[in-house]
Amino acid sequence: MVRHLTAAGTIVFVAAAFVRADAFDHYLNPHLRQLAESKLAQKVEQLTFEQMIDHARVLPGVPGTFLVVKTNDGRWAKLLVQPARHKVDAEKSVPIVLIDRFVTFREGEERTISAKGSGVRLFADFRFNLDYGQVVPAALGGDLRCVADKDQVRLEPVGKAELYLATGHLAEAKPTKSDKVVVGEKFEGRFFNGVYKLY
């Protein structure tokens, strides 16, 4: 029985090793500030539909427009967004901004996360608070608002929040390549070095 449980645990561990983190995951708190201050990002007062389309694949192998936001509470956040449509009925749909993934880091920490999430649909006239990781009413401020523009939508920063559109990939956010995963008779920890997502 113990032998079977050990084997099952090893299989899960080995399977997890093959699911590596992508370029979005490698951006930590210091990288966001660095990117915002570099020539690889531009500060924008509004992010239009066209800008989202034009910069949809800045991160290698990652679909979506990569954004960096300095929140109203002074925290750094990263987002992957894309324009989309939400079907209302058989004949009608409305434009939305889909937040594929977002992560807000705690101030002064490299990896500590304040809020994170995925699959958020932001409709026109709604706001998103990155510190809470929630859609909020206008009375609570928020950091980003979705604005309808005819049949398209755009994102705008709210209050003191700053919005940066990534136009390139920061070299410092690229992980160093590690040795290939090899599982043999002799266990060597170095073969499992790296960043992984465990499902």
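Quick note: numbers below take in every heavy atom, side chains included, and nothing from hydrogens, waters or symmetry partners. Bear in mind that the values here come from a model prediction, so they are computed numbers and not experimental data.
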Look at the side chain of N72 and the backbone N and O of V158, then say whether any donor-acceptor pair between them is shorter than 3.5 Å. yes
Rounding to 0.5 Å, atoms CG (L165) and OG1 (T48) come to a distance of 9.0 Å
Under a 3.5 Å distance rule, please check whether D149 uses its side chain to pair with a backbone N or O of Q152 as donor and acceptor. no
Does the side chain of D131 come under 3.5 Å of the side chain of T71 through a donor N or O and an acceptor N or O? yes
How many angstroms lie between NE2 in H26 and CG in L59, if you round to the nearest 0.5 Å? 10.5 Å
Nearest 0.5 Å please: distance from the CG atom of L155 over to the CZ atom of F49. 12.5 Å
Between F105 and H31, ring centroids under 6.0 Å: no
Donor-acceptor contact present, side-chain S118 to main-chain R101, <3.5 Å: no
Carefully, step by step, assess T104 and W76 under the rule side chain to side chain contact (heavy atoms under 4.5 Å, CB included). CA-CA 6 Å; T104 306; W76 288 98; over 6 Å; no
May I ask you to decide if the ring planes of F128 and F102 are parallel, tilted or perpendicular, using 30° and 60° as cut-offs? perpendicular
May I ask you to decide whether K160 forms a salt bridge with D143, counting only side-chain N to carboxylate O separations under 4.0 Å? no
Check whether any side-chain N or O of H86 sits under 3.5 Å from a backbone N or O of R121 as a donor-acceptor pair, and report yes or no. no
Hey, any chance L80 and L98 share a hydrophobic cluster, counting ILVMFWY side chains that come within less than 4.5 Å of each other, even indirectly? no
Checking Q42 against Q51 for the side chain to side chain contact (heavy atoms under 4.5 Å, CB included) test, could you report, in this order, the C-alpha distance in whole Å, the side-chain angles of both residues, the deciding distance, and whether it holds? CA-CA 11 Å; Q42 61 184 70; Q51 288 172 311; 3.9 Å; yes
Under a single-linkage definition using a 4.5 Å side-chain heavy-atom cutoff for Ile, Leu, Val, Met, Phe, Trp and Tyr, are V103 and V135 assigned to the same hydrophobic cluster? no
Are L170 and V58 connected in a single hydrophobic cluster, I mean Ile/Leu/Val/Met/Phe/Trp/Tyr linked by side-chain heavy atoms less than 4.5 Å apart? no
Treating Ile, Leu, Val, Met, Phe, Trp and Tyr as nodes and any side-chain heavy-atom pair under 4.5 angstrom as an edge, say whether L130 and V147 lie in one connected cluster. no
Enter the distance from L144:CG to L79:CG here, rounded to the nearest 0.5 Å. 6.5 Å
Test side chain to side chain contact (heavy atoms under 4.5 Å, CB included) on E37 and Y164 and set out the steps. CA-CA 9 Å; E37 294 172 353; Y164 297 88; over 6 Å; no
Of the options D100, L67, L122, which is the one that meets V81 in a side-chain contact (heavy atoms from CB on, under 4.5 Å)? L67
To the nearest 0.5 Å, how far apart are NE2 in H55 and CG in L47? 9.5 Å
Could you give the distance from CZ (R127) to CZ (R145), rounded to the nearest 0.5 Å? 5.0 Å
Under 3.5 Å side-chain donor-acceptor pair for R85 and S93: yes
Parallel, tilted or perpendicular: which describes the rings of F66 and F24, with under 30° parallel and over 60° perpendicular? perpendicular
I'd like to know if R154 pairs up with E156 as an ion pair, taking the criterion as any Lys NZ or Arg NE/NH1/NH2 lying under 4.0 Å from an Asp or Glu carboxylate oxygen. yes
